[in-house]
*Asks:* 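Dumping the structure here so I can ask a few things about it.
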Amino acid sequence: MNFKSAFALGTAVLALSTTSAMAAASSLQVQMMPMQAKAAGEYAGAVRFTMSNPTDKAVRILKYQTPFFGVDANLFSIQVGGDKVAYTGRMIKRGEPTARDYMTLRPGESKSIDLDLSAYYNFAKTGQYEVRYDEFLFDNAGQAKRVNTTPTVMWVDGNDQFLPQHADMDPYFGLGVKALGVTPTFTKCTTTQQSQIVTALNSADAYAANAKSYFGAHSATNISARYTTWFGAATSARYTTGTNHFDAIQAAFATKPITVDCGCKKTYYAYVYPTQPYKIYVCKAFWSAPNTGTDSRAGTLIHEMSHFNAVAGTDDHVYGQSGAKSLAISNPDNALDNADNHEYFSENTPAQN
């Protein structure tokens with residue numbers, strides 16, 4: 001895939017508010033420009049991403065909310081022809097942020113990186129693409145705010161003419177097929193790990209069934225503290241979204257051919273590629289977690305299962321119980337799009353009716 005020779009360059013400027021004690025509220029600037037030097041290559045989504053701090057105070061931000069240390073989250077909003085472009089990169093379950101998860105931009109400092117966005121997003125379709133840096137950040141009161149930017153525009157010659165007619169169909173089943181009691185498959189897992197995963201999958205299935213039952217037994221006008229803690233204020237539309245999510249999550253654990261890969265040596269809990277159901281990569285933190293309870297193995301599997309576009313298509317807006325609770329209060333719609341909120345609702349620890 002190649003760029004056409006002409007590009008419309010876009011400048012993205014955004015204001016960020018951070019939780020840093022160094023600067024309660026600081027304006028950062030982000031600029032993205034298509035890289036014409038890559039026009040003759042295979043870099044369909046090549047851009048140069050620059051973040052600058054024009055203020056006289058240092059600003060601290062989470063590393064993984066930027067692309068400087070790799071793109072392991074859906075950091076960009078990309079559209080072509082009015083259609084949203086699917087994120088195909090990893091979705092990682094992390095713990096609550098620690099000091100080492102932050103980076104600092106000094107006064108007047110700029111930091112740049114060259115990115116091939118087609119490594120993380122589906123640039124198969126031919127057309128004019130609009131790209132925004134579109135990440136959640138937090139002000140000093142802990143309120144989540146989505147940052148939208150002026151789009152960078154580029155034309156991409158895709159390979160959509162070669163895509164199958166029904167690319168959105170479940171690749172594992174023909175029409176009308178329902179798998180019952182599917183046995184998971186394993187990659188790079190020891191016998192002990194396989195046994196632990198089977199136990200965790202059974203517990204995750206029970207969690208999902210319990211969550212599904214909750215939604216079936218309540219309504220948007222008859223919710224309890226369990227719902228409001230993790231999903232906030234209810235409306236009919238939000239409640240329907242939650243119902244559909246847990247119906248799909250429970251069905252996936254019960255009927256889909258799940259594969260678990262144990263080869264990850266990172267400190268994460270786990271990750272998935274949302275366009276590649278139903279393969280889950282488990283990492284170091286997974287093995288030190290309890291089978292059930294807060295941030296458990298079973299809950300981690302719920303978290304990851306919710307990410308698949310074929311299931312609930314959730315994102316990672318915040319990590320950890322405190323962040324998930326705050327998100328439920330400040331933005332219930334995004335709580336229903338956050339994987340950790342689904343996990344904590346399912347784990348229900350401490351238990352709420």
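Reckoned from all heavy atoms, side chains included, excluding hydrogens, waters and symmetry mates. Note that the numbering runs from 1 along the sequence shown for the chain. Just so it is clear, the model here is predicted, and its values are computed rather than measured.
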*Asks:* Is the Phe76 to Tyr87 ring centre distance short of 6.0 Å?
*Replies:*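 No; Tyr87 has its ring centre 6.0 Å or more from that of Phe76.
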*Asks:* May I ask you to test the Tyr273-Lys279 pair for a side-chain heavy-atom distance under 4.5 Å?
*Replies:*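 No, side chains not in contact.
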*Asks:* Is there a side-chain contact between Pro290 and Arg297 (heavy atoms, below 4.5 Å)?
*Replies:*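 The answer is no, as the side chains (C-beta and beyond) never meet within the 4.5 Å cut-off.
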*Asks:* Is a side-chain donor or acceptor of Asn341 paired with a backbone partner of Ala324 at a separation under 3.5 angstrom?
*Replies:*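 Yes, because the side chain of Asn341 sits within donor-acceptor range (under 3.5 Å) of the backbone of Ala324.
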*Asks:* My understanding is that only residues two or more places apart in sequence, or in another chain, count here; which of them pass ring pair (Phe, Tyr, Trp, His ring centres under 6.0 Å) with His342?
*Replies:*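 Applying ring pair (Phe, Tyr, Trp, His ring centres under 6.0 Å) to His342 gives Phe231, His245, Phe246.
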*Asks:* Determine whether Ser296 and Glu347 satisfy the following criterion, side-chain hydrogen bond (donor to acceptor under 3.5 Å, both in side chains), listing intermediate values before the conclusion.
*Replies:* CA-CA 8 Å; Ser296 62; Glu347 291 172 338; 3.0 Å; yes
*Asks:* Evaluate the criterion side-chain hydrogen bond (donor to acceptor under 3.5 Å, both in side chains) for residue pair Tyr344 and Thr229; output intermediate values, then yes/no.
*Replies:* CA-CA 9 Å; Tyr344 296 136; Thr229 296; over 6 Å; no
*Asks:* My understanding is that only residues two or more places apart in sequence, or in another chain, count here; which of them pass ring pair (Phe, Tyr, Trp, His ring centres under 6.0 Å) with Phe308?
*Replies:*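 Phe308 satisfies ring pair (Phe, Tyr, Trp, His ring centres under 6.0 Å) with Tyr278 once adjacent residues are dropped.
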*Asks:* Check whether any side-chain N or O of Asp261 sits under 3.5 Å from a backbone N or O of Val282 as a donor-acceptor pair, and report yes or no.
*Replies:*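 No.
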*Asks:* Does Thr50 reach the main-chain N or O of Ser112 with its side chain, forming a donor-acceptor pair under 3.5 Å?
*Replies:*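 Answer holds: no.
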*Asks:* Taking the side chain from Thr228 and the backbone from Ala225, do they hold a donor-acceptor pair closer than 3.5 Å?
*Replies:*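 Yes, the answer is positive, given that a donor and an acceptor are paired below the 3.5 Å cut-off.
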*Asks:* To the nearest 0.5 Å, tell me how far Asp340 CG sits from Glu96 CD.
*Replies:*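 Reported value, rounded in 0.5 Å steps: 9.0 Å.
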*Asks:* With heavy-atom distances below 4.5 Å as the criterion, would you say the side chains of Gln321 and Thr294 are in contact?
*Replies:*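 Yes, close enough: below the 4.5 Å cut-off.
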*Asks:* Decide yes or no for Arg132 and Ile78: does some side-chain heavy atom of the first lie under 4.5 Å from some side-chain heavy atom of the second?
*Replies:*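 In short, these two side chains do not touch, never coming nearer than 4.5 Å.
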*Asks:* Just verifying a value: how many Å separate Met103 CE and Lys63 NZ, rounded to the nearest 0.5 Å?
*Replies:*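 Result: 9.0 Å between the selected atoms.
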*Asks:* Measure up the Phe345 and Phe215 rings against each other and bin them: parallel (under 30°), tilted (30 to 60°), perpendicular (over 60°).
*Replies:*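 Answer is tilted, since the angle falls between 30° and 60°.
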*Asks:* Output the distance between atom CZ (Phe286) and atom CD (Gln196), rounded to the nearest 0.5 Å.
*Replies:*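 If we round to the nearest 0.5 Å, Phe286:CZ and Gln196:CD are 8.0 Å apart.
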*Asks:* So does Tyr269 get a backbone contact from the side chain of Thr300, meaning a donor-acceptor N/O pair under 3.5 Å?
*Replies:*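 No.
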*Asks:* Going through the distances and angles, do Asn331 and His317 end up as a side-chain hydrogen bond (donor to acceptor under 3.5 Å, both in side chains)?
*Replies:* CA-CA 11 Å; Asn331 198 326; His317 299 302; over 6 Å; no
*Asks:* Please lay out, stage by stage, how Tyr271 and Asp72 fare under the test side-chain contact (heavy atoms from CB on, under 4.5 Å).
*Replies:* CA-CA 9 Å; Tyr271 67 89; Asp72 283 325; over 6 Å; no
*Asks:* Looking at Tyr214, is its backbone amide N or carbonyl O close enough to the side chain of His218 to form a donor-acceptor pair, meaning the two atoms are under 3.5 Å apart?
*Replies:*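 At least one qualifying donor-acceptor pair exists.
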*Asks:* Walk me through it: do Phe49 and Tyr133 pass the test ring pair (Phe, Tyr, Trp, His ring centres under 6.0 Å)?
*Replies:* CA-CA 9 Å; Phe49 179 99; Tyr133 175 64; 5.2 Å; yes
*Asks:* As an exercise, state the distance from CG of Asn338 to CH2 of Trp230, rounded to the nearest 0.5 Å.
*Replies:*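 So the gap between those two atoms works out to 11.0 Å.
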*Asks:* Nearest heavy-atom pair of Tyr319 and Ile92: which atoms, and what distance?
*Replies:*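 Shortest heavy-atom separation between Tyr319 and Ile92 comes out as OH-O, 2.7 Å.
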*Asks:* What pair of heavy atoms forms the shortest contact from Gly313 to Asp337, and how long is it?
*Replies:*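 For Gly313 versus Asp337, the nearest heavy atoms are O-OD1, 3.6 Å.
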*Asks:* Is any side-chain heavy atom of Glu343 less than 4.5 Å from a side-chain heavy atom of Asp295?
*Replies:*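 Yes, side chains in contact.
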*Asks:* Looking only at non-hydrogen atoms, find the nearest pair between Ser306 and Ile249 and report the distance.
*Replies:*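 Reported closest heavy-atom pair: CB-CD1, 3.9 Å.
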*Asks:* Measuring from Leu75:CG to Tyr64:OH, what's the distance to the nearest 0.5 Å?
*Replies:*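 Spacing of CG (Leu75) from OH (Tyr64) equals 11.5 Å.
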*Asks:* For Arg106, does its backbone N or O pair with a side-chain atom of Glu109 as donor and acceptor, under 3.5 Å?
*Replies:*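 Looks like yes, one N/O pair under 3.5 Å.
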*Asks:* Answer with yes or no whether the side chains of Thr192 and Thr190 bring together a donor and an acceptor at under 3.5 Å.
*Replies:*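 The answer is no; no qualifying pair exists.
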*Asks:* Verify, without hydrogens or angle tests, whether Lys125 (side chain) and Gly81 (backbone) share a donor-acceptor contact under 3.5 angstrom.
*Replies:*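 Answer holds: no.
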*Asks:* Step by step, would you call Ile61 with Thr66 a side-chain contact (heavy atoms from CB on, under 4.5 Å)?
*Replies:* CA-CA 8 Å; Ile61 52 176; Thr66 78; 3.6 Å; yes
*Asks:* Provide the closest heavy-atom pair for Ala234 versus Ile223 in the form atom of the first, atom of the second, distance.
*Replies:*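 Closest approach of Ala234 to Ile223: CB-CD1, 3.6 Å.
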*Asks:* Take Ser224 and Gln352, measure what side-chain hydrogen bond (donor to acceptor under 3.5 Å, both in side chains) needs, and give me the verdict at the end.
*Replies:* CA-CA 8 Å; Ser224 68; Gln352 295 177 307; over 6 Å; no
*Asks:* Provide the closest heavy-atom pair for Met91 versus Asp315 in the form atom of the first, atom of the second, distance.
*Replies:*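 Closest heavy-atom pair between Met91 and Asp315: CE-OD1, 3.4 Å.
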*Asks:* Is there a side-chain contact between Phe68 and Met51 (heavy atoms, below 4.5 Å)?
*Replies:*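 Touching, per the 4.5 Å side-chain cut-off.
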*Asks:* What are the two closest non-hydrogen atoms of Arg226 and Ala211, and how far apart are they?
*Replies:*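 Minimum heavy-atom contact is NH2-CA, 4.2 Å.
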*Asks:* Under 3.5 Å, is there a donor-acceptor pair between the side chain of Asn53 and the main chain of Gly108?
*Replies:*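 A pair under 3.5 Å: no.
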*Asks:* Which atom pairs, donor and acceptor, lie under 3.5 Å between side-chain atoms of residues 200-208 and protein residues at least two apart or in another chain?
*Replies:*
from, atom 1, to, atom 2, distance (Å)
Asn202, ND2, Val198, O, 3.3
Ser203, OG, Thr199, O, 3.2
Ser203, OG, Asn291, ND2, 2.8
Tyr207, OH, Gly293, N, 3.0

*Asks:* Within the side chain of Ser288, is there an N or O that forms a donor-acceptor pair under 3.5 Å with the backbone of Ala285?
*Replies:*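 The answer is yes, because a donor-acceptor pair under 3.5 Å joins these two groups.
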*Asks:* To the nearest 0.5 Å, what is the distance between CD1 (Ile258) and CD (Glu304)?
*Replies:*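 Going from CD1 on Ile258 over to CD on Glu304, the span is 12.0 Å.
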*Asks:* For Arg238, is the CZ atom crowded, meaning more than 12 foreign heavy atoms sit under 6.0 Å from it?
*Replies:*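 Enclosed.
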*Asks:* I'd like to know if Arg94 and Asp101 make a salt bridge, using a cut-off of under 4.0 Å between side-chain N and carboxylate O.
*Replies:*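 No, Arg94 and Asp101 are not salt-bridged.
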*Asks:* Could you check whether atom CG of Asp83 has more than 12 heavy atoms from other residues, nucleotides or ligands sitting under 6.0 Å from it?
*Replies:*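 Atom CG in Asp83 is crowded, with more than 12 foreign heavy atoms closer than 6.0 Å.
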*Asks:* Could you check whether any side-chain heavy atom of Trp287 comes within less than 4.5 Å of a side-chain heavy atom of Gln193, counting everything from C-beta outward?
*Replies:*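 Yes, their side chains come closer than 4.5 Å.
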*Asks:* Would you call Thr259 and Thr187 a side-chain contact if the rule is heavy atoms closer than 4.5 Å?
*Replies:*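 When only atoms from C-beta onward are counted, Thr187 and Thr259 do touch, with a gap below 4.5 Å.
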*Asks:* Can a cation-pi geometry be assigned to Lys93 and Tyr268, taking NZ or CZ under 6.0 Å from the six-membered ring centre and within 45° of the ring axis?
*Replies:*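 No, a cation-pi geometry is absent between Lys93 and Tyr268.
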